[in-house]
Amino acid sequence: MALLVKRRLALVDANSFYCSAERIFRPDLEGVPVVVLSNNDGCVVARSAEVKKLGVAMGMPWFQMKDLARQHNILAFSSNYTLYGDISRRFMSVLAQFVPPEEQEIYSIDECFLDFTHQPHLDLTATGHVMRDRVKRWTGLPVCVGCGSTKTLAKFANNVAKKQAQWGGVCDLTALSETELVAVLGQFDVRDVWGVGRKIAMQLMSYGVRTAADLRACDAKRIRERFTVVLERTVSELQGVSCVAWENEPPAKQQIIASRSFGGPLYTTEQLAEPVRFHMARAAEKLRLQGSIAGTLGVFLETNRFRPQDPQYSPSRAIHLPAATDDTAVLTTWATTLMRAIHKPGFRYVKAGVMLMDLRERCVVQGSLFDAAPTDRDLRRERLMGVLDRANGKWGRGTMGVGSAGVKQQRGWAMSRANLSPCYTTRWDELREVLAD
DNA sequence: TCTGGGGTCCTAGGACCC
DNA sequence: TCTGGGGTCCTAGGACCC
């Protein structure tokens, strides 16, 4: 019988990532309650510890908490994804020093898994502290580290490290005995387990499964009968059996969506054409970046669901393209056609978006049945798309495009970003100046 | 007046085929 | 009067995550 080696996985996750990223260049904001807002300054997507303490929930609409913000001097930032993306890259590269490349999995913008199974001599708690200190020193980000024998346990450990100060920011569950592990799991709600959302938690409660320890004690097979295979895997993972695959390289996207709420309502097809073209250009750019072509294109419009007094109409439609493509001009023509087809006058539209689906690798493209070999025109088109992507990469999205998508966002639909911080790390003209005495 | 924008996976049910 | 059953494919919708 093969000896099963216990895996040693770590999850490193930044604390209030967007807020912490804003604070790196504003050390005066240490201890000041800070939130970061979603696109359009709509709702709260990141809260500093001070704000969490005030009971502000994730996703709270900003306009609803303006009074509270005034009362407690909460500072709000518009989201600055250029900044967060760059800080994320630095954070990941610091952690890359601790494992071989294939043993780091970048899971999201602010967290990654590291596999220390093949470094059995390392003390994970000590290593966790080294990683914390180095990330803090080299990037300015505060992070917590959780270790466990499965991804779900490592995620859980990270949660423990964040919520219980006595761990000092590093919780290694692999160092605990079975009894000690169950004791820790018993202190947390089942909702704190990765993969258990609001709905599942409510159902579990009705079976008397309240804590993470309760869930671990469940019979995985019975869970599958009453719930789904997804929750079955979660239970197994809590029991130390790995079910969630290791994904060292991010898999190619299966669908690409580009959408935004408008700064204000739009009504006519003429008005809507502009954001649709803009989103189509963004989506096609992402498509080309991953080297895919799309076989299906979808478009959707939305009215404001938070205003029940308004007539509601949120149509969507998708078509199979005659030939899969990554050509912005072709896609844009279809997208505007679809938009016109689903649009009805008399509604107050607040959001539009496009979706690319049925994605395949570009090199295995099989033209439409009636296509011959690529023509000169096709090749010129390809080069044109290349120029488009390079220009937009260099001078900013929306510099160059097809039709009016090339015009930088303006007029009624541009999003509001009233409290945007500078791109400290990615724009020469917004670099931070350091004055020496 | 103002309420984000991405993604993934799974399941159930209908269409269709033999 | 009697009205199958199994398989596959597709889609819509739900649940979850960050």
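Chain identifiers are assigned alphabetically (A, B, ...) following the order of the sequence lines, protein sequences preceding nucleic acid strands; residue numbering begins at 1 within each chain. Quick caveat: nothing in here was measured; it's all calculated off a predicted structure.
- Candidate nucleotides C/dA15, B/dC2, C/dC17 were compared by shortest atom distance to the side chain of A/Arg348, and B/dC2 ranks first.
- Residue A/Ile319 contributes atom CD1, which lies 17 Å from atom C1' of C/dT11 at whole-angstrom precision.
- Across the interface with DNA chain B, nearest-nucleotide mapping of A/Pro251 and A/Ser261 shows A/Ser261 to be the residue nearer the 5′ end.
- For A/Arg260, the listed nucleotide lying nearest its side chain is B/dG6; candidates were C/dC18, B/dG6, B/dC10.
- Exactly one residue among A/Leu356, A/Leu331, A/Ile293 makes a side chain to side chain contact (heavy atoms under 4.5 Å, CB included) with A/Thr325. That residue is A/Leu331.
- For the OP1/OP2 pair of B/dG6 and a distance below 4.0 Å, the side-chain nitrogens and oxygens of A/Arg282 include at least one atom meeting the criterion.
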Derivation and outcome, side chain to side chain donor-acceptor pair (under 3.5 Å), residues A/Ser242 and A/Arg7:
CA-CA 9 Å; A/Ser242 277; A/Arg7 295 173 78 198; 2.9 Å; yes
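- Aromatic ring orientation, A/Tyr313 versus A/Phe347: tilted (interplanar angle from 30° to 60°).
- Of the candidates C/dA15, B/dG5, B/dG7, B/dG5 carries the atom nearest the A/Ser259 side chain, counting heavy atoms from C-beta on.
- Residue A/Asp110 is classed as a sugar-phosphate contact, given heavy-atom separations below 4.0 Å to backbone atoms only.
- Of the side-chain N and O atoms in A/Lys66, none sit less than 4.0 angstrom from OP1 or OP2 of B/dT1.
- Note: A/Tyr18 and A/Tyr84 have parallel aromatic rings, judged against thresholds of 30 and 60 degrees for the angle between ring planes.
- Set against B/dC10, C/dC18, B/dG4, the side chain of A/Trp194 has C/dC18 as its closest nucleotide.
- Counting heavy atoms from C-beta outward, A/Met205 and A/Asp189 have side chains that approach closer than 4.5 Å.
- Counting to the nearest Å, the P atom of C/dC18 and the OH atom of A/Tyr81 are 15 Å from each other.
- A/Met415 has its CE atom 16 Å from the C1' atom of B/dT3, to the nearest Å.
- Side-chain atoms of A/Thr425 and A/Asp86 include a donor-acceptor pair closer than 3.5 Å.
- Ranking B/dG4, C/dA15, C/dC17 by closeness to the A/Val45 side chain, first place goes to B/dG4.
- In this structure, the nucleotide among C/dC18, B/dT3, B/dG7 sitting nearest to the side chain of A/Lys253 is B/dG7.
- Closest approach to the A/Lys199 side chain among B/dC10, C/dC16, B/dG4 is made by C/dC16 (side chain taken as heavy atoms from C-beta onward).
- Distance, A/Asp310 CG to B/dC2 C1': 13 Å, rounded to whole Å.
- Between A/Arg233 and the phosphate of B/dC10, there is a side-chain N or O to OP1/OP2 separation shorter than 4.0 Å.
- Atom P of nucleotide B/dG7 and atom CD1 of A/Ile106 are separated by 17 Å, given to the nearest angstrom.
- Atom OH of A/Tyr84 and atom P of C/dC18 are 18 Å apart (whole Å).
- The side chain of A/Lys351 places no N or O atom within less than 4.0 Å of a non-bridging phosphate oxygen (OP1 or OP2) of B/dG6.
- The residue A/Asn39 sits close only to the backbone: its heavy atoms come under 4.0 Å of sugar-phosphate atoms, none of a base.
- Side-chain atoms of A/Arg260 and A/Asn40, non-hydrogen and from C-beta on, never get closer than 4.5 Å to each other.
- Here A/Ser38 does not reach the OP1 or OP2 of B/dT3: none of its side-chain N or O atoms lies under 4.0 Å away.
- Nucleotides of DNA chain B nearest to A/Phe63 and A/Ile257 differ in position, and the one nearer the 5' end is that of A/Phe63.
- Between the CZ atom of A/Phe262 and the C1' atom of B/dT3 there is a distance of 15 Å, given to the nearest Å.
- Side chain of A/Glu103 to main chain of A/Pro100: no donor-acceptor pair is present (N/O by atom type, distance under 3.5 Å, no hydrogens or angles).
- B/dG5 atom C1' lies 14 Å from atom CD1 of A/Ile256, rounded to whole Å.
- Listed pair A/Gln254 / B/dC9 meets the phosphate criterion, a side-chain N or O lying under 4.0 Å from OP1 or OP2.
- Within the 4.0 angstrom heavy-atom criterion, no nucleotide atom of any strand lies near A/Trp62.
- Contact annotation: A/Arg307 does not reach the phosphate of B/dT3 (side-chain N/O to OP1 or OP2, under 4.0 Å).
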Dot-bracket for DNA chain B, 5' to 3', with Watson-Crick and G-U pairs under 3.5 Å, [ ] for crossing pairs and | for other-strand pairs: what is it?
....||||||||||||||
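- A/Ile200 comes within contact range of the sugar-phosphate backbone alone, with a heavy-atom separation under 4.0 Å but no base atom that close.
- Using cut-offs of 30° and 60° for the angle between ring planes, the A/Phe91 and A/Phe17 rings count as tilted.
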